[in-house]
Number of protein chains: 2
Amino acid sequence: MKITNRLSWKYVRDEIHHEILSGRYGPGDRLPRDADIANQLNCARSTVQRAMQDLSDIGLVERRRKGGTRVHPEPVTRATLDIPITRHEVEKKGGRYGYQLIMQEEMSAPRTVLAAFELTSPVSMLRIEALHLSDNRPYMLEDRWVCLDTVPEIRDVDLKIQSANEWLVLNRPYSRCDLRFYAISADQKMSEMLGAKIGDALLLIERSTWIDGAPITTVKTITTPGYQLLTSS
Amino acid sequence: MKITNRLSWKYVRDEIHHEILSGRYGPGDRLPRDADIANQLNCARSTVQRAMQDLSDIGLVERRRKGGTRVHPEPVTRATLDIPITRHEVEKKGGRYGYQLIMQEEMSAPRTVLAAFELTSPVSMLRIEALHLSDNRPYMLEDRWVCLDTVPEIRDVDLKIQSANEWLVLNRPYSRCDLRFYAISADQKMSEMLGAKIGDALLLIERSTWIDGAPITTVKTITTPGYQLLTSS
DNA sequence: AACGGTAATATGTAGCTACTTAAAATGTCA
DNA sequence: TGACATTTTAAGTAGCTACATATTACCGTT
């Protein structure tokens, strides 16, 4: 039986985490240099580096070259959300997935859409409206704009068969993704589409993606009443 | 001038990312071993390891010891959310922060609360209702339960002065945090508290935290009409 | 005191070696 | 054939060195 007296970087991380939460270091305080911590804990600097990287990832500390490491002045609760392809989401919940293309049209993007992309000059886009179904019942309403300059191939995709949602996720990488969540009351049209009552509170997920600064798509996902979005773990 | 022909791990990451998206490797496919990729790209295995770690973090690939690396069979859009302390959120938006404790009472947790913690036996908890204000106008309604077994010190905190939100984030680390987002219609009480109309669609954020399996707190954060939650970057 | 260039420094990255560990693959025996 | 033990494999971790890079800190000049 071998006692593992090697320190895992997670142990180092938790050690520092604990020191911060014990009040030894408060928000904004500067922590010792990696090398000193390594010395103190009798491990390699690379181990401390990994630990610190992780603490930085979860938002507990801020690191800057030469500036050193300091406790994040405004602690946050950081969470990770996984938004699956809608078909997978439905199937995972045990439903039979269905999909209806409502409309598809090339047109110049209105100002609200340009705003979502932080653009000012008019751009030609493909507007798509589609309904995702679970066991033949409405599940999600998708209101999407795809930038034709960035993704001309979308013209060749048969969106009656494959949803733009799925095609884009599988074929278009993005370098930036902005998400926005809010609640709205169902209007006449939404309530008809989603089988909800007018005035029902609906969760709306707005997502915009870019590749190297070029807009790809922006989509409003309108969920059915009672829909809940959960963090991954 | 020195040409940096060293490969940064980000370059390696993007290279692999590109290979996946080009269709060379599809969902579920197994990628070459780290060592082989390192050989092929003429870099160290540790560099590939770092690149792969990152791809695994963003959910593009799955890695298992001995099993190797494979493209995630169900690609997801992974996003990071930062939920700040409410006071900081208000102040960042330029508002003057205010806070009102509505009620505070020790009692046995009802079943709905126990369920949020995946508990079955009754537990004594502190129930807190509080209102966060921005420029003297309602901003957020907080409906919280704190587990007194896990956090007995909360009894000594003057919650009329400091919000439980802030005290907990600053003083209680957690090892698990579940978040849940959904929309509700404002009822009589909420509309009065938040200055909304009855039936207004409100975004609700539910958060439960644990430390090493022991429940800390669960809170329902009811936002004012029009509130939007955004991803960090 | 303001400005600007230079040196100092803490973190970031890369490469190498060695060892650990989870789990898949294989072999053995009933 | 099926259950179980063993081997092998590929990722994970740790330690070391060397160098890169972004800032801060310092100092001299005007």
Side-chain angles (χ1 to χ4, degrees), chain A residues 1-20 24-25 27-73 233, chain B residues 1-20 24-25 27-73 233:
Chain A
M1 185 59 77
K2 176 166 187 302
I3 283 121
T4 168
N5 49 6
R6 283 177 132 188
L7 300 170
S8 97
W9 63 269
K10 286 181 182 174
Y11 172 82
V12 175
R13 178 195 62 188
D14 293 344
E15 199 67 15
I16 300 166
H17 194 158
H18 191 265
E19 286 225 323
I20 291 170
R24 184 140 159 46
Y25 300 103
D29 285 2
R30 181 164 174 183
L31 297 173
R33 309 156 38 205
D34 288 9
D36 291 341
I37 293 176
N39 223 312
Q40 194 189 318
L41 294 179
N42 203 268
C43 67
R45 178 166 82 89
S46 51
T47 306
V48 177
Q49 156 83 10
R50 236 170 307 185
M52 285 298 200
Q53 243 340 306
D54 198 56
L55 290 175
S56 174
D57 285 346
I58 65 170
L60 191 67
V61 303
E62 279 179 337
R63 279 162 78 74
R64 306 171 66 172
R65 280 175 159 139
K66 164 77 184 180
T69 308
R70 49 189 65 229
V71 181
H72 198 109
S233 62
Chain B
M1 184 60 77
K2 175 166 186 302
I3 283 123
T4 169
N5 49 5
R6 286 177 130 188
L7 300 169
S8 98
W9 63 269
K10 286 180 182 175
Y11 172 82
V12 175
R13 178 195 61 188
D14 293 345
E15 200 65 16
I16 300 165
H17 194 158
H18 191 264
E19 287 225 322
I20 291 171
R24 184 141 159 46
Y25 301 103
D29 284 2
R30 182 163 173 183
L31 297 174
R33 309 157 37 206
D34 288 8
D36 291 342
I37 293 176
N39 223 312
Q40 194 188 317
L41 293 180
N42 203 268
C43 67
R45 177 165 82 88
S46 52
T47 306
V48 177
Q49 157 82 11
R50 235 170 307 185
M52 285 298 200
Q53 243 341 304
D54 197 57
L55 290 175
S56 173
D57 286 345
I58 66 171
L60 190 68
V61 303
E62 278 179 337
R63 278 161 80 73
R64 310 170 64 170
R65 279 173 159 141
K66 163 77 185 181
T69 308
R70 49 190 65 230
V71 181
H72 197 109
S233 63

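Any value given below was found using the heavy atoms of this structure, including those in side chains, with hydrogens, waters and symmetry copies removed. Throughout, a chain's letter reflects where its sequence line sits, starting with A, and its residues are numbered from 1. Model, not experiment: these values are computed from the prediction.
- Put simply, the side chain of B/Arg45 and the base of D/dG12 share a donor and an acceptor less than 3.5 Å apart.
- Residues A/Lys66 and B/Lys66 both approach DNA chain C. Their nearest nucleotides, taken by heavy-atom distance, put A/Lys66 toward the 5′ side.
- Checked against C/dT13, D/dA10, D/dT13, the side chain of B/Arg33 finds its nearest nucleotide in D/dA10.
- Across all strands, B/Arg30 comes closer than 4.0 Å only to sugar-phosphate atoms, never to a base (heavy-atom distances).
- Remark: P of C/dT9 and CG of A/Leu31 are 20 Å apart, rounded to the nearest angstrom.
- Side-chain nitrogen and oxygen atoms of B/Ser46 include none within less than 4.0 Å of the OP1 or OP2 phosphate oxygen of C/dC16.
- When each of D/dC16, C/dT13, D/dG12 is scored by its nearest atom to the side-chain atoms of B/Arg63, the top-ranked nucleotide is D/dG12.
- Note: B/Gln53 CD to B/Asp34 CG = 9.5 Å, rounded to the nearest 0.5 Å.
- One can place CG of A/Asp54 at 14 Å from P of D/dG12, the figure rounded to the nearest angstrom.
- Mapping A/Gly67 and A/Trp9 onto DNA chain D via the closest heavy atom, the residue that lands nearer the 5' end is A/Trp9.
- In this structure, of C/dC16, D/dA11, D/dT21, it is D/dT21 that holds the atom nearest to the side chain of A/Arg65.
- Applying the side chain to side chain contact (heavy atoms under 4.5 Å, CB included) test between B/Leu55 and each of B/Val61, B/Asp14, B/Val12 identifies B/Val61 as the sole match.
- Nearest nucleotide to the A/Arg64 side chain, out of D/dT13, D/dT24, C/dT11: D/dT24.
- Between A/Arg45 atom CZ and A/Gln49 atom CD the span is 6.5 Å, to the nearest 0.5 Å.
- Between A/Thr69 and C/dA10 there is no side-chain polar atom (N or O) within less than 4.0 angstrom of OP1 or OP2.
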Query raised in the report: Would B/Glu15 and B/Ile37 satisfy side-chain contact (heavy atoms from CB on, under 4.5 Å), going step by step from the backbone distance to the final call?
Result: CA-CA 11 Å; B/Glu15 200 65 16; B/Ile37 293 176; over 6 Å; no
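- Residue contacts shown for B/Gln53 are limited to sugar-phosphate atoms, with no base heavy atom under 4.0 Å away.
- For the side chain to side chain contact (heavy atoms under 4.5 Å, CB included) criterion with A/Tyr25, the lone passing option out of A/Leu31, A/Ile16, A/Thr69 is A/Leu31.
- Between the CD atom of B/Gln49 and the P atom of C/dT13 there is a distance of 15 Å, rounded to whole Å.
- Atom CZ of A/Arg13 and atom C1' of D/dT13 are 14 Å apart (whole Å).
- For the pair B/Asp57 CG and D/dG12 P, the computed distance is 10 Å after rounding to whole Å.
- Between A/Ile37 atom CD1 and C/dT11 atom C1' the separation is 12 Å, expressed in whole Å.
- Between A/Arg70 atom CZ and C/dT11 atom P the separation is 11 Å, expressed in whole Å.
- If you measure from atom CG of B/Asn42 to atom P of C/dC16, you get 9 Å, rounded to the nearest angstrom.
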